[in-house]
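Have a look at the structure below before the remarks.
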Amino acid sequence: MHLFAILFLVFLLATISVAALVPKWQRAIAPFSLATSATVFFWMIAFLIKDAAPQEISFPLGIPSIGMHFGLDGLSAFFLMILGLSGTVVSIYALSYFPHEKEPGRILPFFPAFIGAMMLVPLARDAFTFLLAWEAMSILSWALVMAHHKEHGTQHAGYVYLLMASFGTFCLIGAFALLTAASGGLSFSAMQGAKLSFGTASAVLVLALAGAGSKAGIVPLHVWLPLAHPAAPSPVSALMSGVMTKVAIYGFLRIAFGLLGASIWQWGALVLVIGAITAVLGVLQAMLQNDLKKLLAYSTVENVGLIFVGIGLSMTFHASGMEMAATLAMTAALLHAFNHSLFKSLLFLGAGRVLAATGTRDLDKLGGLMRGMPLTAWTFLIGAMAISALPPLNGFVSEWLLLQSLLMGPALPQALMKILLPITIVSVALAAALAAATFIKAFGITFLGRARSPEAAAAKEFKSPETTAMFLLAGLCILIGIIPQAVLSLISPAVSHMTGATIQHFAVSNLLFLVPKAAGSVSYSGIILLLLLGLGGVAAFALLRILASNKTRISPIWDCGTPDNDTLAQYTAGSFAQPIRRGIAAPLFDVREMVDMPPPSDMGTAHFHLHMQDLIWNRMYAPISPFILGLADRLNKMQHRPTRHYLMFMFTTLIILLAGIVLWK
Amino acid sequence: MEISILSITLKTLLQVLQAFLVLAVAPLLTGWVRMVKARMLGRTAPSLFQPWRDIFRLLRKETIVAPSASRLFTMAPTIIFVTTWIAASLVPTVMVKLPLAPVADIIALIGLLGLSRFFLVLAGLDIGTSFGGLGASREAFISSLAEPAMMLVIFALATLAGSTDLPTIATYMAGSGGMRLSLLFAFIAFLMVAVAENARIPVDNPTTHLELTMVHEAMILEYSGHHLALIELAAALKLLLYIGLAACLFLPWGMALPGQAFPYGFAAWGAKLLLGGAALAALETGRAKMRVFRVPEFLGGALLLAFIGLLLAGV
């Protein structure tokens, strides 16, 4: 009765929020969610290692005669494992973080419930339960975003998030409605067997992509994400960016592979193109940010793009009958999803500590934090290296697998793919290179250089559960980087569920080498690479000891003989990004720089104006917004009516629906 | 595969030999480029061993560190040197298949160089000077264009050879590869990327300390003593790596295939290094450095050529 016990735990997590109403019990919230998440994590690991048989269970709850269906299989278990791990680590961080919150009552009730709601999504096995859990996840995360509701921008962020979340759920309802109409049942098992025409199935796929994709942050539905994720308290930002986007990806996979069978290659091409656009635009936006948490949120958009590239590729391979390649691409996508949940949580937790220590997330007010906050700095550095896909860390492994699966693309028969593939390769490579530049900026401007404000100069840190959580995540980033085989064996039950291939087809020959058999004679070994780097380091150290003088002297900055003691003379976030802003981003963001220089001999001040706009927001969202607001105003008149009016509305609606059904038949 | 202790010892020895071979040769290659360049400019050339002498001189000097430097600043030179060294030792030189070849394919090799650059750029930002930031910012910009171009070159090669494994590509190119139009495009793109990656004219100038033109030099301005020695050594290794990579990927003739003896490979490798170095010197003498904002055009050209190469390679 695994499933029953897990459901019980998850429900407990979702309802424990009641305890937060009693001030005395508030301190128990974080330990409780820690214990529950950890239990779920280890349980899922056991489930995946055993590659246990799928389970289903239903309760006579919810819609009468249909009930609520729950289930657990490889795919669900893998995502639950991600949720459990991040839930555990973020709860450890929260142990010492929440007591500092000014209004804990605005966070504590929603925090465990949010984790619980996210865990319910992969467990749901019918449309009703799925949507219920999905909406709970959206609304609870919205409540958490609004925790610091008095801060500038939070209310706007919450508003946009609520709208986009409604749009996403609307799309998902549409997708499930089409599936239900075709299969005659709300449960997933009924939908699986449904015979859909090409048009209906494609409509379902597009709706699922829009619905789940808007939650994951695919372009152009990503606009809420960089507003909402940074506005939330940092542990919640970590959960939203690290895992909620993964739940969204799960939702898409469940519909595209589980219910539709991903049998048409054009779907894969669509997902591939959207993924590639998302990756490049996301990372370019991240590069241009001056706000540390916003930068991280945009980088989430980029990583979601990379994951969708893998998914799209896998769908194309799958539909073309290339199961080994499909398995490799899906493995890359899922591994990247897992890796991203680790390093993005790590980076957001680090940003949270910077924010708590200095009171700001504006990069231009930070700097030099490596001196006052070395623990945060080193763990953040590991996260930055991992997300920049540098060996021997985990981000490199998933990107390497993604590139290897892209390399198998030329075998695809479709002419369109022959054009799409090189473009995708350029996009992925550009995104990876820009990600490294972005995280050099994020780490370098925050932690290196000289402090740009008195707050940054005075920042201090202490060992606490927060640092423990960050060390855990950093350790996992290294561990998975050097022995990814451990995680790959956990991914294999999830992938075989979708592409039908088993572990022998792609996997791992031994513990030292990663050998994707599908990709020919190529291999990679993170552990030996790390060993070599270590040996090289020892050799270099020994040679220096023997050959070098090793006399070191502290002496003022040289700077070509003209040092400037003003810390404002340092490069800032904006000036670091300037070449990329001018050279790459200019056409996409309508960048214009205006320098207002006084004439020679005039001692007046010079001015610099930077004009930049988000064309997606201004061209796509800004024109619709007055229309929606106007519509809302009109509909507003239907509110605050006497009861008889409401009865009238209901009566009319019923008649219209009945008439519709009669006409339909 | 025989797993006798003797063969493992032999393989380890071979790999260690390769590591110290590239370490010893790299500064000589830099000296060779300077020598040819001086001759072309009609100057008296410094000795071939001058870079090694410089490195030993720097090692003997005391190291000066600014008060605002963090731990990263003092650790970075070692990391930069070690990653570049390991990467350079993994590129086949005299024979096609090195014992450690399965550890890293060409993508991992580029990743290692990325790791080295990551720390170089961070070190540039560490002291908090405007020069350091300038170099760091420009380097990040240049590399974010050079890396995609490099990746396309790799994909063009891998599409033809069927793998990103270095020995596989080299064997393919030495055998059935030969002359192809796609390879020509990829090769030119590779050379353009190599010039940019090694901070060479026309993208950057390794000998200038003029504020408007510095990129690489601006980042390492605050380094001295053994720190600087390590960074100079890493730069020399990187040049050797790229010329070696060009030789291995595009011109693998003369390299010892598995089972063949390698004295012949030695001569071929040396000749390729001399030729490559001379070609670089000729390029640097013949061209002027371009403005920083012309670099995207240069690297955009490389990207385009590599893209054409990939399309022709039959993706």
Side-chain angles (χ1 to χ4, degrees), chain A residues 370-371 385 388 390-391 396 400 403 407 409-410 418 421-422 425-426 429-430 433-434 436-437 440 443-444 448-450 513 520-525 528-529 532-533 536-537 540 544 547-549 551-560 563-564 567 569-571 575-576 578-580 582-583, chain B residues 59-68 70 72 78 81-83 85-86 102-105 107-108 111-112 114-115 118 121-122 125-131 133-134 136-138 140-141 143-144 147-148 151-152 155 158-159 162-165 168 209 221-222 226 293 296 307 310-311 314-315:
Chain A
M370 195 138 194
R371 302 179 147 254
M385 286 162 66
S388 305
L390 295 176
F396 176 76
W400 187 79
L403 290 170
L407 254 175
K418 302 219 180 289
L421 271 175
I425 293 164
V426 182
L430 189 65
L434 281 171
I440 284 173
F443 181 80
L448 304 178
R450 291 171 286 161
F513 289 95
S521 62
V522 70
S523 60
Y524 166 73
S525 171
I528 298 184
L529 204 56
L532 285 178
L533 290 175
L544 280 182
L547 297 171
S549 83
K551 255 203 306 190
T552 306
R553 180 157 56 94
I554 305 282
S555 161
I557 296 171
W558 177 48
D559 206 17
C560 271
D564 192 337
T567 53
Q570 296 177 86
Y571 255 55
S575 44
F576 185 83
Q578 186 236 25
I580 289 176
R582 268 202 208 171
Chain B
L59 283 177
R60 277 196 306 275
K61 285 194 162 196
E62 82 177 334
T63 305
I64 295 169
V65 178
S68 57
S70 72
L72 190 130
T78 316
F81 166 69
V82 170
T83 44
W85 187 23
I86 298 295
V103 171
D105 67 337
I107 299 175
L112 269 181
L115 180 64
F118 194 82
V121 178
L122 283 182
L125 285 169
D126 189 49
I127 302 290
T129 62
S130 38
F131 274 134
L134 174 139
S137 153
R138 288 177 177 176
F141 173 52
S143 67
S144 55
E147 242 173 56
M151 206 51 90
L152 285 187
F155 266 79
T159 305
S163 171
T164 52
D165 183 44
T168 311
H209 279 151
L221 215 46
E222 298 296 324
H226 70 261
F293 282 99
F307 193 73
L310 181 57
L311 285 178
V315 160

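None of these values were measured; they are calculated from a predicted model. Each chain gets a letter, A, B and so on, in the order the sequences are listed, and its residues count up from 1.
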With a 4.5 angstrom heavy-atom cut-off, could you sort out which part of [X] is near chain B: side chain, backbone, both or neither?
{"X": "A/Asp564", "value": "neither"}
{"X": "A/Met370", "value": "side chain"}
{"X": "A/Pro556", "value": "backbone"}
{"X": "A/Tyr524", "value": "both"}
{"X": "A/Leu547", "value": "both"}
{"X": "A/Trp400", "value": "side chain"}

If you tally heavy-atom pairs under 4.5 Å against chain B, which of A/Arg371, A/Arg553, A/Met385, A/Arg582 wins?
A/Arg553

Most heavy-atom pairs under 4.5 Å with chain B, out of A/Gly583, A/Cys560, A/Ala436, A/Gly444, belong to A/Cys560

Taking the side chain as every heavy atom from C-beta outward, state whether [X] and [Y] have any pair of such atoms under 4.5 Å apart.
{"X": "B/Leu59", "Y": "A/Leu544", "result": "yes"}
{"X": "B/Ser130", "Y": "A/Asp559", "result": "yes"}
{"X": "B/Leu112", "Y": "A/Leu529", "result": "yes"}

With chain A, the option among B/Thr78, B/Leu72, B/Thr168, B/Thr83 that has the most non-hydrogen atom pairs under 4.5 Å is B/Leu72

Chain A interface, residue from B/Ala158, B/Ser143, B/Pro296 that has the most non-hydrogen pairs under 4.5 Å
B/Ala158

Tell me whether [X] contacts the main-chain N or O of [Y] through its side chain, where contact means a donor paired with an acceptor under 3.5 Å.
{"X": "B/Thr63", "Y": "A/Thr552", "value": "no"}
{"X": "A/Gln570", "Y": "A/Thr567", "value": "yes"}
{"X": "A/Ser523", "Y": "B/Pro102", "value": "yes"}

Results of side-chain hydrogen bond (donor to acceptor under 3.5 Å, both in side chains) for A/Ser575 - residues two or more places apart only
A/Thr572

side-chain hydrogen bond (donor to acceptor under 3.5 Å, both in side chains) against B/Arg60, all qualifying residues, sequence neighbours excluded
none

Examine whether an atom of B/Phe118 lies under 4.5 Å from a heavy atom of chain A, and if so say whether it belongs to the side chain, the backbone or both; otherwise answer neither.
both

At a 4.5 Å cut-off on heavy atoms, which part of B/Ile86 comes close to chain A: side chain, backbone, both, or neither?
side chain

